[in-house]
Amino acid sequence: MKHSYYLLFLIIPLFFSCTQEDNQIVEIGIIPKPLFQQINKGVFILDEDIRFISDDELSEVSNYFKLYIEENYQLSFAPHKEAKEIVFNIDDAITNEEGYKLKIQENNILIVSKNSKGAFYAVQSLLQLLPIKSNNLAIPIPCLELRDEPQFKYRGMHLDVGRHFFSIDFIKKYIDLIARLKMNTFHWHLTEDQGWRIEIKKYPKLQEIAAYRNETLVGHYNDQPHQFDGEKYGGFYTQEQIKEVVAYAQTRQVTIIPEIEMPGHSQAAIAAYPALGCTGEQVEVATKWGVFDEVYCPKESTFKFLEDVIDEVVALFPGKYIHIGGDEAPKTNWKKCAHCQKLIKEKKLKNEHGLQSYFIARMEKYINSKGKQIIGWDEILEGGLAPNATVMSWRGTSGAIQAAKDGHDVILTPGSHCYFDHYQSDNENEPLAIGGFLPLEKVYHFNPIPEELTKDESRYVQGAQGNVWTEYMQTEKQLEYMAFPRVVALSEVVWSSPENKNYTDFINRLAQYQKRLDQLDVNYANHIYSVKGDLKNKAGRLSYELSTISSTYPIYYSIDESAPSKLYSNPIPVDSSMTIKAVLLDSKNTALGDIFNQKINLHKGVGTKISIDKEPHPAYNTGGKKALINGISGNNKRYGDKEWLGFSGEDIEITIEFDSPTNINTISTRFYNGNGQWIYAPKEIGFSFQLEDGKTINDIRKIEEKDKLLVNYSFATTSISVTRIEIIIKNYGIIPEGQQGAGHKAWLFIDELIIE
């Protein structure tokens, strides 16, 4: 058959970067980036005249690759006597269980690995060397060598199907997408307050009652009053369906970790079997989000129920781990429960936290007896960690640090870097999300090894995981939008060596990888053509700097509310209040990405000296203290961008100093008041003004407006000339009973301090 060799130099430049001098290929665009890569002269032509040769242990991977080529490139292999070869070989000299070598020569492709895992990952790299699609029966692949292995053993993605339920076909697609990125673990969050999703044959009411809720919250949890859709919602996976998914995952070298939540997040199960709770009263499957007081009561009958559930779960999942949750388990009912209080005394436990530790340790012992080990969220540290548990640290890194120092394996999944239910862009048209702010760049720069750990302690860090909680993800397309391309960035965090990582280089490779996601019908968030801005203050002169992570297209801007039309080359002088709009335009003046829009309010506080007596929480300090006086207000819908500062349970004192006496009339600001996320506006603010004549005026003002998501506050006075302002903001205090986070100190989030 005639080969289309003339397409060689048309196709290859699409996937490889070349020097301008000699047109030689110098780099390939594989994600995650390999440990070693070298481009050689020549090409291998992938056509029908190919013979596949494989060691027995690698035959399944060889067949996977062959079938993929046949289905996606319309090739039907019919090798002749002198056919080229694609060879899969075992090499015990490769020390890493998931490492591989890939060598492409003109007449053969050689894949060498210790086992099928490494071979599969070699194939994923090889597939990225192929064109996204081709109707040609001769596909050129450049000759090269790769040596590769992962940085971390555990490379995971999570999916919550309790809040919203997703089809078996989509679960398979999700597994396939993460496997392409060399992720090796799928954490399947199967039980929740809002729905139980796994068939347990011994307890049919879990399918009949716990799997369905009567209605679902409409809009955001923070919207008041709560509104509901009035429609029954739910579903569950049969055990046969789960076996099908497990088998599918195994062909893609993905281990599934099922999560059966305990003792908290169990209201759906208690709705089906009320005796599992402390009160024995009938409750309904939860219809809104959050944390609920209904938790498993540590009675013998409850443990028997959970042991029976575990018996059926371990029979379905061949991996060594069972995730038992352990997070967000309120102690309200345990404190009021006579049985629980008696058990605390009998077991000589310190308190209800000790009771939770007893609960987890008991279930761990049973799960260990079934040949499995447990993973739990970092709350399982409270009251003492179960002996053989692995900790999944989500509340920052402190849980991981404590567990690693105590010799326990840890997996990093902090909300600050790994929660893909957070907003990923400042754009006002982003789909509704739970809150927070996690852009692609922040994911990419995550280091799973906390700097507080020694080299010896860091060996307990097994890897990292991205979490997809689905309270605000009703559809598969919306879930894909929130997960991708942040999953792509995380894949390089957990696979590639730190010295090989470079964000600009990653973005260039991502631009090509997104074309593959297009082919796979993935509704990813395309923010690589977004514009970002930053207010600069150099020697007292303000300017606004625009930038983009894409170097391919120029930025155009405007400062007069008109459409962006002026080519950006230097920072924009800021000598008055203005609205800056900016966008990338291609050669046809077509906008790429959304229009960047930033209002700058040049009030009297901009450029002054500011100090705060407490450091904002590291997860909510992107803009630093200057964010409070830079003339830019935070986003109206979310609190995690670089303009909002967040403080965890602390009173703060802010000091603003002027270079010269300044007349002021008002100070205004606003507080985020998302009670569902433990965030409360303060009850009062204190002010101290140092006047030009040296006198001081002190005042305390109550904040009355408390029932809105954004609480505006303004302090007005007669015109005074000041040199210094002190602002004392007291934390709301302990979150009251009946509210999310009850018993904990509230968060405080503050926006721009506008001085007029």
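We number each residue from 1, following the sequence as shown.
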Using the rule given for side-chain contact (heavy atoms from CB on, under 4.5 Å), can you reason through F647 versus W747, listing the C-alpha separation, both sets of side-chain angles and the distance that settles it, and then say yes or no?
CA-CA 6 Å; F647 300 84; W747 282 78; 5.9 Å; no
Determine whether Y713 and F671 satisfy the following criterion, ring pair (Phe, Tyr, Trp, His ring centres under 6.0 Å), listing intermediate values before the conclusion.
CA-CA 8 Å; Y713 180 79; F671 301 96; 7.2 Å; no
Should I656 and L628 be marked as a side-chain contact (heavy atoms from CB on, under 4.5 Å) after you check the CA-CA gap, both sets of side-chain angles, and the distance that decides it?
CA-CA 10 Å; I656 298 172; L628 297 183; over 6 Å; no
Does R395 form a side-chain hydrogen bond (donor to acceptor under 3.5 Å, both in side chains) with S398? I'd like the steps, not just the answer.
CA-CA 7 Å; R395 298 179 300 177; S398 59; over 6 Å; no
Could you go step by step and tell me if E643 and N630 meet the side-chain hydrogen bond (donor to acceptor under 3.5 Å, both in side chains) rule?
CA-CA 9 Å; E643 303 304 332; N630 65 358; 2.9 Å; yes
How far apart are the C-alpha atoms of I198 and W188, what are their side-chain angles, what is the distance that settles it, and do they pass the side-chain contact (heavy atoms from CB on, under 4.5 Å) test?
CA-CA 10 Å; I198 178 172; W188 204 355; over 6 Å; no
Could you go step by step and tell me if E192 and H265 meet the side-chain hydrogen bond (donor to acceptor under 3.5 Å, both in side chains) rule?
CA-CA 5 Å; E192 256 305 335; H265 288 287; 3.0 Å; yes
Between I322 and V313, does a side-chain contact (heavy atoms from CB on, under 4.5 Å) hold up when you go through it step by step?
CA-CA 9 Å; I322 302 292; V313 170; 3.9 Å; yes
For W394 and E379, what are the C-alpha separation, side-chain angles and deciding distance, and is it a side-chain hydrogen bond (donor to acceptor under 3.5 Å, both in side chains)?
CA-CA 9 Å; W394 72 280; E379 283 95 330; 2.9 Å; yes
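Contact record, P682 with L748: CD-CD1, 3.7 Å, taken as the closest heavy-atom pair. Looking at every heavy atom in both residues, G219 comes nearest to L432 through C-CD2, 3.8 Å. Minimum interatomic distance between K614 and D651 (heavy atoms only, all atoms of both residues): NZ-O, 3.0 Å. Nearest heavy atom pair, residue S266 against residue D193, reads N-OD1, 3.1 Å. Of all heavy-atom pairs between G326 and I380, the closest is CA-CG2, 4.0 Å. The two atoms that bring A627 and E752 nearest to each other are O-OE1, 2.8 Å, heavy atoms only.
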Side-chain donor-acceptor pairs of residues 472-485 under 3.5 Å, sequence neighbours excluded:
| unit_1 | atom_1 | unit_2 | atom_2 | d |
| --- | --- | --- | --- | --- |
| Y472 | OH | Y221 | N | 2.9 |
| T475 | OG1 | Q478 | N | 3.1 |
| E476 | OE2 | S167 | OG | 3.2 |
| K477 | NZ | D521 | O | 3.0 |
| K477 | NZ | D521 | OD1 | 3.2 |
| K477 | NZ | D521 | OD2 | 3.2 |
| Q478 | NE2 | Y472 | O | 2.7 |
| E480 | OE1 | N523 | N | 2.9 |
| E480 | OE2 | K173 | NZ | 2.8 |
| Y481 | OH | E430 | OE1 | 3.4 |
| Y481 | OH | E430 | OE2 | 2.6 |

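Although no hydrogens or angles enter the test, the distance criterion places no donor-acceptor pair under 3.5 Å between the side chain of T622 and the main chain of K642. Judged by distance alone, with hydrogens and angles left aside, the side-chain atoms of N635 form a donor-acceptor pair with the main-chain N or O of D426 at under 3.5 Å. Counting only distance, with no hydrogens or angles, the side chain of T302 and the backbone of C297 share a donor-acceptor pair below 3.5 Å. Judged by distance alone, the side chain of Q341 and the main-chain N or O of W334 form a donor-acceptor pair under 3.5 Å. One N or O on the side chain of N333 and one on the backbone of D293 form a donor-acceptor pair closer than 3.5 Å. A donor-acceptor pair is defined here as one N or O able to donate and one able to accept, closer than 3.5 Å; such a pair exists between the side chain of D160 and the backbone of T470. Under the 3.5 Å distance criterion, the side-chain polar atoms of N731 are matched with a main-chain donor or acceptor of A746. Of the possible polar contacts, none joining the N673 side chain to the V711 backbone as a donor-acceptor pair under 3.5 Å is found. In terms of modelled atom types and a separation under 3.5 Å, the side chain of R670 and the main chain of S633 share no donor-acceptor contact. Listed for the R486 side chain is no donor-acceptor partner under 3.5 Å among the backbone atoms of L440.
The neighbour count for E441 CD, taken as heavy atoms of other residues, nucleotides or ligands under 6.0 Å away, is above 12. Residue K365 qualifies as open at atom NZ: its count of foreign heavy atoms under 6.0 Å is 12 or below. By the 6.0 Å contact criterion, NZ on K205 is open, its count of non-hydrogen atoms from other residues, nucleotides or ligands being 12 or less. Counted within 6.0 Å of CD on Q282, heavy atoms from surrounding residues, nucleotides or ligands total more than 12; the atom is thus considered enclosed. Counting non-hydrogen atoms of neighbouring residues, nucleotides and ligands closer than 6.0 angstrom, the NZ atom of K745 reaches no more than 12 such neighbours. Around NZ of K299, the count of heavy atoms belonging to other residues, nucleotides or ligands within 6.0 Å exceeds 12. When the shell of 6.0 Å around NZ of K350 is examined, it contains 12 or fewer heavy atoms from other residues, nucleotides or ligands.
Checked by atom type, the side-chain pair T669/D751 shows no donor-acceptor distance below 3.5 Å. Side-chain atoms of Q465 and N467 include a donor-acceptor pair closer than 3.5 Å. Inspection of the R163 and Q194 side chains reveals an N or O donor paired with an N or O acceptor under 3.5 Å. In this structure, a donor-acceptor pair under 3.5 Å is absent between the side chains of Q739 and N675.
Residues forming a salt bridge (Lys or Arg N to Asp or Glu O under 4.0 Å) with E261 (at least two apart in sequence, or on another chain): none.
Put simply, SG on C337 and CD on E352 are 10.0 Å apart, with the number rounded to the nearest 0.5 Å. One finds the CD1 atom of I374 at 9.0 Å from the CE atom of M262 (value rounded to the nearest 0.5 Å).
Ring-plane geometry between F228 and H226 is classed as perpendicular, the angle between the planes exceeding 60 degrees on a 0 to 90 degree scale with a lower cut at 30. Using cut-offs of 30° and 60° for the angle between ring planes, the Y620 and F749 rings count as perpendicular. Ring geometry for F236 against Y212 counts as perpendicular: the plane angle is over 60°, on a 0 to 90° scale with 30° as the lower cut.
Taking the six-membered ring where the residue is Trp, the centroids of W289 and H164 are separated by under 6.0 Å. A ring-centre distance under 6.0 Å is found for W377 and H187.
The shortest side-chain heavy-atom distance between P414 and S393 does not fall under the 4.5 Å cut-off.
Across I411, V391, I324, a single residue satisfies side chain to side chain contact (heavy atoms under 4.5 Å, CB included) together with I375, and that is I411.
Taking the charged nitrogens against the carboxylate oxygens, R362 and E300 do have a contact shorter than 4.0 Å, which makes a salt bridge.
Figure legend: cation-pi geometry between K683 and Y732, with NZ or CZ positioned under 6.0 Å from the six-membered ring centre and within 45° of its axis.
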